[in-house]
Participant: 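Starting off with a structure, shown below.
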Amino acid sequence: MALEEYQRKRRFSETPEPEGKVESKSTHRFVVQKHRASHLHYDFRLELDGVLKSWAVPRGPSLDPADKRLAMEVEDHPVSYFDFEGNIPQGNYGAGSVMVWDVGTWQPLSSVQVEGKYVPASDEEARAMLAKGDLKFRLKGKRLNGDFALVKMKGRRPGSKGNEWLMIKKHDQHEVEDYNIDHYDSSVLSKRSMDEIAGDEGSREWNSSRPASRGKLKAAWLADAVAKFDQQKAAQRADGGKKSAKKSAPAKAVGKKTTETHKTASRSSSKEKKTLKRA
Ligand code: MN
């Protein structure tokens, strides 16, 4: 199964990340997660065939076509990962802070141009382009927009795993010369900076920096994700970070671990953990 490697690498009793499953239906969402692990990088993920195809981009995506950004193909992630933001505890795979840096939708593009423009392609063509190592696509995000290519590097460097791709912005009206990703250190989900996320142990401290409104969210699925996020935070604040596992249970399917369940559990005794798990 497509998520075996993802699940093998993680201990879900310790990490707040979703265990997830291969979804039977796919839409075309994408997410970029800023990940401050042993090395800061950005994870670029495209929803296809019930999973998130994933690449770790050390310098992050760029809107400048002059930049060719190394993108290391990594294991498929569950679709439920797309709104994961929080802290992976020390000692776990990918330990560190994760920010939802951009979200939106994507569209595979045919390599055939019509009147100088790329035209939409089918999922079948997307699979073929991925297998071939030359995927063209269009992003419609809050920060990343326009046409891109992910191109697999053919010449293997000594010691490379053969998972090296380049992420390149195509020329269009969305290109930005000298694009500097460091200027955008905030979550599109919570507006928090990386430091705020990192310092957000039980979410109790996090209150003051939050704006009153996020503005209108056009995409319903994004609005849902934000609403869910707000609910969890509200429950945590109301409970002071305790007993929130019970309250949040209806928000997610039975058997799934919520972020706050984990966070609460990680600060509790093992006796309390058992209680929470039953709850
Ligand atoms: Mn990562």
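Keep in mind it's a predicted model, so treat the numbers as computed, not measured. One-based numbering, in listed order, for ligands and for the atoms of each.
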Participant: Measure from the Mn ion (ligand 1) to every N/O/S atom of D43 and report the name of the nearest one.
Facilitator: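 This residue's closest N, O or S atom turns out to be OD2.
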Participant: Indicate, with yes or no, if the rings of F44 and F137 have centres closer together than 6.0 Å.
Facilitator: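 Distance test on ring centres: under 6.0 Å, yes.
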Participant: What N, O or S atom of H41 is found closest to the Mn ion (ligand 1)?
Facilitator: NE2
Participant: Honestly curious: do W106 and L130 fall in one hydrophobic cluster under the side-chain, below-4.5 Å linking rule?
Facilitator: yes
Participant: Mind checking whether L189 and V98 sit in one hydrophobic cluster, side chains of I, L, V, M, F, W, Y counted as touching below 4.5 Å?
Facilitator: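 In one cluster with L189: V98, yes.
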Participant: Have a look at H35 and say which of its N, O or S atoms is nearest the Mn ion (ligand 1).
Facilitator: ND1
Participant: Think K169 forms a cation-pi with F148, using NZ or CZ under 6.0 Å from the six-ring centre and within 45 degrees of its axis?
Facilitator: yes
